[in-house]
Amino acid sequence: MNTTSFSWTKSLLQWFEKNKRPLPFRLTKDPYAVWISEIMAQQTQIDTLLPYYNRFVESFPHVQALAAAEEDLLLKHWEGLGYYNRAKNLHRAAKIIVTEWHGFIPDNYKDLLKLPGIGPYTAAAIASICFNEKIAAVDGNVLRVFSRLTNSFDDIGEQATKRQIQHALSQCMPDEPGDFNEAMMELGALICLPTNPYCLLCPIREHCSALETGHVHLLPVKKKKIKRKTLAMEACLVEDTKGQLLIEKRPDKGLLSGLWGFPIVEKNQGIGNYLQKTYKYTEPLCLIGKTKHVFTHITWEIDLYIIKQVQHDGDKGVFISPKNILSDFALPTAFKKMLRFYNSSSRKNTPYK
DNA sequence: CACGCGTGGAG
DNA sequence: TCTCCAAGCGT
C-alpha cells in the first residue's frame, strides 16, 4: 500500500496557502469554534453561514455556555439556517462533552464520531484541523474533485463510494492533514465547480485524469434524483382584538420540529375544522393569498387565511404581537413569509407568492 | 440503504 | 420557472 502523499499534494497546498478565503473560523484551531463552523457548514454554503457563525459564538463562546443554553434560544440563533436538528444535536453533544469529557471536545476521529450530529465528514474535519490526525474529510467538494482527478464514474451518491474515497485519501495524507482537507474542499468550492470549472486555473490540472480524457463535464456521477411531493396546505393568521397573532410550537418530531409557526394543516383536514376543534374559534375565515414553499423533499402549496377580532381568554393558544414574534420566537422561513405578507398587506395590496 | 430533513444561490 | 447543489447526519 502506497502511504506517501500524492505527487500533486504540494501544488495543492501551495495554491491553498495563497488563495484560501479569510474565514473567521480559520483564525483559530480551537476545536469548539471549528466544531460549530463544521456543523453549520453541513449542506450549507459558507457565505450563508457566516453571519450565523459570528452571532452564535458570540452568544455561546464555549461549550459550557452552549450546554447550559435554553433550546429555544439556540433555535432562535439557528432561525433561517435550516436543518434544525443540527442545532438540537449540537446541544445534546455539548451536554455530553461537559458531563462525560470534562468539557474537552474529543481529540480523535473515533471518539468524535460518537457524538450526536458528528458523522464521518465532521469528525474527520475536526480531528485533522484541530488535532492533526491523518484522516480524510470527504464532503461534496472532495467527492467531485476526487472523481475528476481519478476519472472515476462511481456513483458519488453511494455510501460505498464515499467510504472508498475516504479510505484512499486517508492512506495518503501529508503532514498537514487539516490544510490538505481544507485545500481539497476549497479547490472544489473555488475552482473545480460542478458546472464550468476553471480548469485552466487549477493547481493540479496536470494530474487530472478527467481533464486529460475530456470527461470533466461528465463527472461526478450522481444517479439519485430528488423526488419532491407536493402537499396542499391551509394556514391561518388568527388575530385577536389587540392585533396579536396566534402562534403554535411545532411538534417535537418531523418537519420544522420544535420551532414556532402559525396554524397550518393539510387542505383535506381543513384549517377551519382544525381551529374549531383545537381552539373553539367559530369566526369566519377569509382567504387572503396563496403561496408556495419548497423544502428539500416537500413542496407546500399554501392557501393563507385570516380570522380577525378573535375573543380569547388566554387559555386558548399563545397570542403575540407580530413585532415580538419576530424578536423572540424561532420562526422558519415559510412562516416568516406569511408574517411579511401580513405586515405589508395591512398597508397596501401586496400579492402573496 | 433509503429516506427525512431547510434554505438560498446559480445556471 | 425549474433543477441542481451546498464543508451531511440520523434513523
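Nucleic acid contact for A:Gly80: sugar-phosphate only, since backbone atoms but no base atoms lie under 4.0 Å from a heavy atom of the residue. Within 4.0 Å of A:Arg250, counting heavy atoms only, lies no atom of the nucleic acid at all. Using a 4.0 Å heavy-atom distance criterion, A:Val294 is classed as a base contact. Here A:Arg21 lies in heavy-atom contact (under 4.0 Å) with a base. If you check every strand for non-hydrogen atoms under 4.0 Å, A:Ile46 touches a base. Heavy atoms of A:Asn89 sit under 4.0 angstrom from primed sugar atoms or phosphate atoms, though from no base atom. Backbone-only contact: A:Thr122 has heavy atoms under 4.0 Å from sugar-phosphate atoms and none from a base. Counting non-hydrogen atoms under 4.0 angstrom, A:Leu259 reaches nothing in the nucleic acid. If you check every strand for non-hydrogen atoms under 4.0 Å, A:Ala137 touches nothing. Looking at heavy-atom distances under 4.0 Å, A:Lys337 makes no contact with the nucleic acid at all. When heavy atoms are screened at a 4.0 angstrom cut-off, A:Leu81 is found touching base atoms of the nucleic acid. Base engagement by A:Glu186 is indicated by at least one non-hydrogen atom pair under 4.0 Å involving a base atom.
In terms of position along DNA chain C, the nucleotide closest to A:Ala41 lies nearer the 5' end than the nucleotide closest to the other residue of the pair A:Ala41 and A:Pro116. Judged by closest nucleotide on DNA chain C, A:Ala189 is the one of A:Ala189 and A:Leu115 placed further toward the 5' end. Between A:Lys224 and A:Leu256, the residue anchored closer to the 5' end of DNA chain B is A:Lys224, taking for each the nucleotide with the nearest heavy atom. Each of A:Leu331 and A:Asn196 was assigned the nucleotide of DNA chain B with the nearest heavy atom; the assignment lying further toward the 5' end belongs to A:Leu331.
Here, C:dA7 and B:dG11 have their C1' atoms 22 Å apart, quoted to the whole Å. B:dG8 and C:dT1 are spaced 16 Å apart, taking the C1' atom of each and rounding to whole Å.
Within a 6.0 Å radius of CD in A:Glu248, more than 12 heavy atoms belonging to other residues, nucleotides or ligands are found. Within 6.0 Å of atom NZ in A:Lys110, 12 or fewer heavy atoms from other residues, nucleotides or ligands are found, so the atom counts as exposed in its surroundings.
The nucleotide whose nearest atom lies closest to any side-chain atom of A:Pro120 is, among C:dC9, B:dC5, C:dA6, C:dC9. Across B:dT7, C:dA7, B:dG6, the shortest atom-to-atom separation from the side chain of A:Asp139 is found for C:dA7. Picking from B:dC5, C:dC5, C:dC9 the nucleotide with the shortest atom distance to the side chain of A:Thr296 gives B:dC5. Checking C:dA6, C:dC9, C:dA7 against the side-chain heavy atoms of A:Gln42 singles out C:dC9 as nearest. The side chain of A:Tyr83 approaches B:dG6 more closely than any other nucleotide in the set C:dA7, B:dC1, B:dG6.
Salt bridge A:Glu58/A:Arg55: absent, no basic N to carboxylate O contact under 4.0 Å. In summary, A:Lys249 and A:Asp72 engage in a salt bridge, as defined by a charged side-chain N under 4.0 Å from a carboxylate O. A:Glu186 and A:Arg21 are joined by a salt bridge, as a carboxylate oxygen and a charged side-chain nitrogen come within less than 4.0 angstrom of each other. A salt bridge does not link A:Glu100 to A:Lys114: none of the charged side-chain nitrogens sits closer than 4.0 Å to a carboxylate oxygen.
A:Arg86 places its CZ atom 8 Å from the C1' atom of B:dG6, with the value rounded to the nearest Å. In this structure, A:Arg228 places its CZ atom 8 Å from P of C:dT3, rounding to the nearest Å. If you take NZ of A:Lys229 and C1' of B:dC3, they are 11 Å apart, rounded to a whole angstrom. Straight-line distance from the CE atom of A:Met184 to the C1' atom of C:dA6: 17 Å, rounded to whole Å. The separation between A:Lys336 atom NZ and B:dG6 atom P is 15 Å, rounded to whole Å. Here the P atom of nucleotide B:dC5 and the CG atom of A:Asp252 are 13 Å apart, to the nearest Å. Between the CZ atom of A:Phe295 and the P atom of C:dC2 there is a distance of 17 Å, given to the nearest Å. Spacing between atom CG of A:Leu90 and atom P of B:dC5 amounts to 20 Å, rounded to whole angstrom units.
Between A:Gln43 and the phosphate of C:dG8, there is a side-chain N or O to OP1/OP2 separation shorter than 4.0 Å. Checking the phosphate oxygens (OP1, OP2) of B:dC5, a side-chain nitrogen or oxygen of A:His297 falls inside 4.0 Å. The phosphate of B:dC5 has neither OP1 nor OP2 within less than 4.0 Å of any side-chain N or O from A:Asn85. Between C:dT1 and A:Lys292, no contact under 4.0 Å exists linking OP1 or OP2 to a side-chain N or O. Listed pair A:Arg144 / C:dA6 meets the phosphate criterion, a side-chain N or O lying under 4.0 Å from OP1 or OP2. Remark: A:Tyr84 is in phosphate contact with B:dT7, judged by side-chain N or O atoms under 4.0 Å from OP1 or OP2. For the OP1/OP2 pair of B:dG6 and a distance below 4.0 Å, the side-chain nitrogens and oxygens of A:Thr44 include no atom meeting the criterion. When the side-chain nitrogen and oxygen atoms of A:Thr333 are compared with OP1 and OP2 of B:dT7, one or more of them lie within a distance under 4.0 Å.
Taking the six-membered ring for Trp and thresholds of 30 and 60 degrees, A:Tyr274 and A:Tyr279 have ring planes more than 60 degrees apart, a perpendicular arrangement. Ring-plane geometry between A:Trp35 and A:Tyr32 is classed as perpendicular, the angle between the planes exceeding 60 degrees on a 0 to 90 degree scale with a lower cut at 30.
As the counterpart of B:dC1, no nucleotide is assigned, since no Watson-Crick or G-U wobble pattern has both distances under 3.5 Å.
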